[in-house]
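When a residue number appears, it is its place in the shown sequence, counting from 1. Computed from a prediction, not measured in an experiment: that's the story for all the values here. Values below: every heavy atom of this structure, side chains too, minus hydrogens, waters and symmetry copies.
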Amino acid sequence: MAIADDLKKTLTDPTPLYFAAGTADLAVQQAKKVPELIEQLRAEAPARIEAVKNTDPKAVQEALTAKVAEVFGAIDPKKLGETAQDLALRGVGVAAEYAVRAKETYDKVAEHGEQAVRTWRGEFSEEIVDIAVAVEPQPEAAAEPAASSPSGTEPVAGSADEEKPAAKKSTARRGSAKKAAVTADDAS
């Protein structure tokens, strides 16, 4: 039963979807910066290319040779085993630190995605409310037909007859709001 519960929890957890939404939102934000970066690179490129052209290859080779000799000269064969073990332990510590950072970053991006989704939903819901207000009949006009019953009998409060027309009205309103949204999109 625990496996089924874990599977249900995994499939109903919205965090990965929020992470994807957050990633998409951050990607859009970064994409907006691309034209500015291209202009900056275009301005700096001639100076960088000129610096590479003017660099003496022999000076680069001498500097590289000196650095390699310095690194190999500092290696002590006796301490090599200790250094390898120390590096392995440090590597494990660094890997654990990166795992923690990755989880924190994942949570931050998922939180950003949740906020982005709320923003997106808010914007769309405001538009739908505006359309519904424009399409929905005035409350006074809707109250007059309901006040006079054609059969002359008033339905009993809470009866099934009273609930059905209300459900039909709300469905009709939603349908007309959707139609208005579609026609508003077609008009633009």
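Side chains of R48 and V52 form no contact here, defined as non-hydrogen atoms less than 4.5 Å apart. Contact check for Q40 versus E36: no side-chain heavy atoms found under the 4.5 Å cut-off.
Atoms CD1 and NZ, from I38 and K33 in turn, are 14.5 Å apart once rounded to the nearest 0.5 Å. Atoms NZ and CZ, on K108 and R101 in that order, are 10.5 Å from each other to the nearest 0.5 Å. Between atom NE2 of residue H112 and atom OG1 of residue T23 there is a gap of 9.0 Å, rounded to the nearest 0.5 Å. Taking CZ of F19 as the reference point, atom OG1 of T105 lies at 8.5 Å (rounded to 0.5 Å).
With hydrophobic clusters built from ILVMFWY side chains whose heavy atoms lie under 4.5 angstrom apart, L26 shares a cluster with Y106.
Each of E62, K67, Q61 was scored for a side-chain contact (heavy atoms from CB on, under 4.5 Å) with T65, with one residue passing: Q61.
A salt bridge links D86 to R90: at least one charged side-chain nitrogen sits closer than 4.0 Å to a carboxylate oxygen. Taking 4.0 Å as the cut-off between side-chain N and carboxylate O, D5 and K9 do not count as a salt-bridged pair.
The number of heavy atoms from other shown groups lying within 6.0 Å of CD (E111) does not exceed 12. Under a cut-off of 6.0 angstrom, the local environment of CD in E39 is crowded, with over 12 non-hydrogen atoms contributed by other residues, nucleotides or ligands.
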